[in-house]
Amino acid sequence: MADYTAIDAAGNVGAVVTERSGTTAADTVEAGTVVLWRNTGAGAHVVTLTTNITVGDLAVADRTIALAAGQAKVGRVPAEWGDVNRRCAVAVDGTASEVKYYILGGL
């Protein structure tokens with residue numbers, strides 16, 4: 001398991017972004033960051049983000065992101081989904097290495 005940090009993408013000169021590869025072993029991303037998910041495989045994939053929160057006594061369902069073959073999606077991981085260390089677990093189904101992602105901060 002790896003705890004990935006965000007690349008500061010707020011500057012106007014461009015930032016080098018590290019490509020991460022999907023995992024079935026639940027790597028983590030920083031809560032509050034923007035993540036670009038890209039499916040490089042020939043089949044569909046589902047990314048699952050652990051939300052780590054409850055409302056009252058009800059757990060908030062984990063967020064799933066469906067990616068068709070060749071599709072890319074971008075979205076923010078809400079800050080309130082982070083655990084006590086501000087981390088949010090990521091899991092990818094199937095051949096997880098076909099999902100690539102980029103973690104952007106400072107936005």
Side-chain angles (χ1 to χ4, degrees):
M1 179 166 85
D3 294 326
Y4 293 127
T5 57
I7 301 299
D8 185 357
N12 60 9
V13 295
V16 176
V17 181
T18 304
E19 180 178 83
R20 305 298 182 188
S21 187
T23 176
T24 57
D27 289 340
T28 67
V29 297
E30 291 179 86
T33 59
V34 171
V35 182
L36 170 65
W37 308 95
R38 184 170 60 95
N39 180 357
T40 64
H45 282 289
V46 175
V47 175
T48 302
L49 300 174
T50 303
T51 60
N52 296 301
I53 62 172
T54 59
V55 176
D57 61 350
L58 298 174
V60 174
D62 292 342
R63 165 62 69 196
T64 57
I65 302 165
L67 294 168
Q71 188 175 46
K73 290 185 176 180
V74 65
R76 184 172 303 278
V77 178
E80 61 268 20
W81 289 2
D83 61 15
V84 296
N85 297 312
R86 294 188 26 123
R87 309 302 301 177
C88 187
V90 175
V92 180
D93 71 337
T95 307
S97 62
E98 293 178 345
V99 173
K100 310 298 183 188
Y101 58 101
Y102 307 84
I103 309 161
L104 308 175
L107 304 171

Practice item. Kindly state each residue pair satisfying side chain to side chain donor-acceptor pair (under 3.5 Å) with at least one member in residues 60-89, sequence neighbours excluded. Key: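 Every side chain to side chain donor-acceptor pair (under 3.5 Å) pair that includes a residue of residues 60-89, provided the two are not neighbours, is T28-R87.
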**Study point:** Selection residues 32-52 - residue pairs positive for side chain to side chain donor-acceptor pair (under 3.5 Å), sequence neighbours left out
**Key:**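 Output for this query lists E19-R38, R38-Y102, H45-D93, H45-E98.
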Check your understanding: So, for A72 and L36, which heavy atoms are closest and what is the spacing to 0.1 Å?
Key ->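 Shortest heavy-atom contact: CB-CD1, 4.2 Å.
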Review point. Shortest non-hydrogen contact from P78 to A31?
Key: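 It is O-CB, 3.7 Å.
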Check your understanding: Does the side-chain contact (heavy atoms from CB on, under 4.5 Å) test come out yes or no for R20 and I103, once each step is laid out?
Key -> CA-CA 8 Å; R20 305 298 182 188; I103 309 161; 4.3 Å; yes
For residues [X] and [Y]: do they belong to one hydrophobic cluster (side chain heavy atoms under 4.5 Å, members Ile, Leu, Val, Met, Phe, Trp, Tyr)?
X: V17; Y: Y101; result: no
X: V60; Y: V77; result: yes
X: I65; Y: V29; result: yes

Review point. Does A96 have any side chain to side chain contact (heavy atoms under 4.5 Å, CB included) partners at least two apart in sequence or in another chain, and if so, which?
Key: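 Side chain to side chain contact (heavy atoms under 4.5 Å, CB included) check on A96 returns T24, V92.
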Exercise for review: Hydrophobic side-chain clustering at under 4.5 Å (ILVMFWY, transitive links): who's grouped with V46? Put none if nobody.
Suggested key: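 Its cluster mates, by chain and number: none.
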Practice item. Enter the distance from C88:SG to I53:CD1 here, rounded to the nearest 0.5 Å. Key: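 It comes to 9.5 Å.
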Practice item. Could you name each residue pair satisfying salt bridge (Lys or Arg N to Asp or Glu O under 4.0 Å) that touches residues 39-50, not counting sequence neighbours? Key: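 Checked against salt bridge (Lys or Arg N to Asp or Glu O under 4.0 Å) - neighbours excluded - no pair reaches residues 39-50.
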Exercise for review: Determine which pairs satisfy ring pair (Phe, Tyr, Trp, His ring centres under 6.0 Å) with at least one residue from residues 2-26, sequence neighbours left out, and list them in order.
Suggested key: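 Sorted result for residues 2-26: empty, none.
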Exercise for review: Keeping to residues at least two apart or across chains, list the ring pair (Phe, Tyr, Trp, His ring centres under 6.0 Å) pairs with something in residues 59-79.
Suggested key: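 Output for this query is empty, none listed.
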Point to revise | Derivation and outcome, side-chain contact (heavy atoms from CB on, under 4.5 Å), residues V74 and V35 | key: CA-CA 6 Å; V74 65; V35 182; over 6 Å; no
Distance-only check: which donor-acceptor pairs under 3.5 Å involve side-chain atoms of residues 5-16, not counting sequence neighbours?
residue : atom : partner : partner atom : Å
D8      : OD1  : A10     : N            : 3.0

